[in-house]
Amino acid sequence: MSHVTKTGGMTLRHGTAMYVGAVLGTGVIALPALAADAAGPASLLAWLALVLLSVPLAGTFAALGARYPDAGGVSTYARLAFGERAAAIVGWCFYFAVPPGAAAAALFGGAYVAAALGGGTTATTVTAFVLMAVVTAANAFGLQVSSRLQFALAGLLVALLLVSVALSLPHADLDNLRPFAPHGWGAIGSAAALLVWSFAGWEAITHLVAEFRHPRRDVPRATGAAVAIVGVLYLLVAFATLTVLGAGAATTDAPLGELMARGLGGSARWLAAGAALLLTLGAMNAYYAGAAKLGAALGRDGALPGVLARGSVAGEVPRRSLAVNSALSFAALAVVVAVGVGPEPLVLLTTGSFVAVYAFGVAAAIKLLPRRSMGRAAAMPALIAVVALLLMSGVYLLWPVAVTGAALLYLRFTRLERL
């Protein structure tokens with residue numbers, strides 16, 4: 001099957017901002033508290049392990065993206081390595097993980113706004129709806145608009161996080177790190193399973209690699225810069241949360257807001273709400289852009305209805321795929337609000353799908369990349385780490401298993417129709 005390999009106009013700095021926004025997402029405003037609740041101060045080891053895991057994982061996807069720039073991203077790598085069925089499975093696992101993930105992300109951001117304004121569930125839901133609408137509109141105008149938005153968001157976000165940590169650290173107390181593992185050392189694995197949400201994103205940008213002006217040169221550079229920025233910021237925020245907030249780190253719904261309050265005095269709820277909105281918009285913008293491109297590529301390749309195919313070529317806007325992804329995200333939000341499910345199950349469900357995508361991507365890298373290349377060398381430790389993440393995902397792997405079944409049924413049904 002011949003694909004158009006035309007490249008787009010995304011620059012190195014805009015690409016780096018896309019990576020930072022995708023990975024440094026809503027996890028930083030909520031997961032330091034959830035991880036502290038799961039493992040106490042020992043959750044720092046889970047954060048450190050996932051930062052280290054990011055290096056080979058990000059390197060693997062950067063090498064694949066630079067070598068095979070295509071809107072299909074990991075789905076394309078799976079097709080080249082293992083065939084059409086594997087490509088459909090990977091594509092469906094990512095595409096249908098974004099809507100529940102978007103609902104959880106938007107609700108994380110909405111909770112901070114509700115804390116500042118009051119209004120409880122209503123304020124949270126309305127804010128989540130507005131966030132989804134803004135991101136949909138930005139991507140409907142095309143990647144040039146959404147990448148400029150991402151660059152501005154990333155700059156403001158990094159500045160806010162650094163200021164929050166710097167102002168709160170004078171209130172740190174190392175005694176808050178004792179006892180270090182109050183729930184036992186095994187709890188570090190539970191914390192790590194939650195924190196995968198915070199490090200998902202390296203695969204999301206593979207769908208946008210063809211939009212880079214110089215993919216082979218700029219994708220590895222953007223990836224390296226993003227790994228450094230994200231790793232440092234996550235470790236700083238996690239350390240500050242535990243040492244400044246102490247036992248309260250495990251019970252607060254807004255750890256970043258608490259850090260700001262300690263550093264600035266008063267409630268700092270408005271500033272925390274602003275930071276939460278930036279984080280949420282940045283993450284959702286990157287994922288909507290990636291999912292829209294992926295849906296168009298899947299339509300092009302026959303893994304989704306062909307009506308979605310428009311926009312798979314670099315420089316084109318995949319508005320039909322974006323509309324489907326956005327509609328599913330709004331539907332997921334409506335279901336979550338109606339049922340009253342908390343964010344933790346949605347986080348684990350979404351990350352279970354992303355870990356499945358990682359597994360296919362890393363396996364494809366081992367098969368496709370040259371034997372003595374840096375990318376293939378990175379793929380070997382990444383594969384070991386992904387297997388560990390699969391084991392930690394446990395029951396939440398049932399969602400990607402169900403999606404896999406649906407993808408294979410779709411392929412069989414469409415094949416029968418063609419006969």
Side-chain angles (χ1 to χ4, degrees), residues 1-4 61 64 68 70-102 200 203-204 206-207 210 287-288 290-313 318-332 335 348-368 383 386-387 390 393-419:
M1 186 178 298
S2 63
H3 295 156
V4 178
F61 285 118
L64 283 168
Y68 306 104
D70 183 73
V74 184
S75 177
T76 293
Y77 316 148
R79 177 181 56 78
L80 294 173
F82 308 116
E84 300 294 340
R85 289 183 179 178
I89 291 169
V90 172
W92 278 53
C93 280
F94 184 91
Y95 193 72
F96 292 107
V98 170
E203 82 296 344
T206 60
H207 308 293
Y287 272 94
Y288 271 50
K293 275 292 182 183
L294 170 62
L298 293 174
R300 174 199 67 194
D301 296 340
L304 280 177
V307 70
L308 299 180
R310 181 176 295 179
S312 63
V313 176
R319 292 190 177 92
R320 293 176 181 176
S321 175
L322 173 65
V324 171
N325 180 259
S326 180
L328 290 173
S329 298
F330 280 118
V335 170
L348 290 168
L349 182 149
T350 305
T351 56
S353 294
F354 288 155
V355 171
V357 172
Y358 284 163
F360 273 99
V362 172
I366 292 173
K367 186 168 182 180
L368 294 174
L383 181 62
V386 167
V387 169
L390 283 169
S393 296
V395 68
Y396 290 96
L397 288 177
L398 290 176
W399 175 245
V401 169
V403 171
T404 295
L408 293 176
L409 282 174
Y410 178 84
L411 288 182
R412 184 175 182 181
F413 177 75
T414 53
R415 187 173 291 117
L416 287 174
E417 276 195 332
R418 289 195 295 265
L419 292 177

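Keep in mind that what you see is a predicted model, and the values were worked out from it rather than measured. Note that these values count all heavy atoms, side chains included, but never hydrogens, waters or copies made by symmetry.
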TODO: Please round to the nearest 0.5 Å and tell me the distance separating atom OG1 of Thr404 and atom CG of Leu398.
DONE: 11.0 Å
Open item on the list: Has Arg320 got a side-chain atom pairing as donor or acceptor with Arg310's backbone, closer than 3.5 angstrom?
Closed with: no
Open item on the list: Give me the atom names and distance for the closest heavy-atom approach of Phe360 to Ala86.
Closed with: CE2-CB, 4.0 Å
Task: pair Trp399-Thr350: side-chain heavy atoms closer than 4.5 Å - done: no
Open item on the list: Any heavy-atom pair between the side chains of Asp301 and Arg79 that's under 4.5 Å?
Closed with: yes
TODO: First locate atom OH of Tyr95, then atom CG of Leu304, and finally report the distance between them rounded to the nearest 0.5 Å.
DONE: 6.5 Å
TODO: State, with a plain yes or no, whether a side-chain heavy atom of Phe96 is found less than 4.5 Å away from one of Leu328.
DONE: yes
Open item on the list: For a quick test of reading the model, state the closest non-hydrogen atom pair linking Pro400 to Ser353 and the distance between them.
Closed with: CD-OG, 3.9 Å
TODO: Supply the atom-to-atom distance Leu397 CG to Thr351 OG1, rounded to the nearest 0.5 angstrom.
DONE: 9.0 Å
- [ ] Taking all non-hydrogen atoms of both residues into account, name the closest pair between Ala407 and Ala88 and its distance.
- [x] CB-O, 4.1 Å
Open item on the list: When you compare the side chain of Ser75 with that of Leu298, does any pair of heavy atoms fall below 4.5 Å?
Closed with: yes
Open item on the list: Would you compute the distance between atom CZ of Phe330 and atom CG of Asn325 and round it to the nearest 0.5 angstrom?
Closed with: 10.5 Å
Task: Distance-minimising heavy-atom pair for Val98 and Ala291 - done: CG2-CB, 3.9 Å
- [ ] Would you mind reporting whether Val90 and Tyr77 have side-chain heavy atoms less than 4.5 Å apart?
- [x] no
TODO: Name the orientation class of the two ring planes belonging to Tyr358 and Phe61 (parallel below 30°, tilted from 30 to 60°, perpendicular beyond 60°).
DONE: tilted
TODO: Determine the minimum heavy-atom distance between Val357 and Cys93, stating which atoms define it.
DONE: CG2-CB, 3.9 Å
TODO: Return the minimal non-hydrogen interatomic distance between Pro318 and Ala296, and the atom names on each side.
DONE: CB-CB, 3.9 Å
- [ ] Would you indicate whether the side-chain heavy atoms of Pro305 and Tyr410 approach each other to under 4.5 Å?
- [x] yes
Open item on the list: Can you classify the ring geometry of Phe94 versus Tyr287 as parallel (below 30°), tilted (30 to 60°) or perpendicular (above 60°)?
Closed with: parallel
Task: Nearest-0.5 Å distance that lies between atom CG in Leu308 and atom CZ in Arg319 - done: 14.5 Å
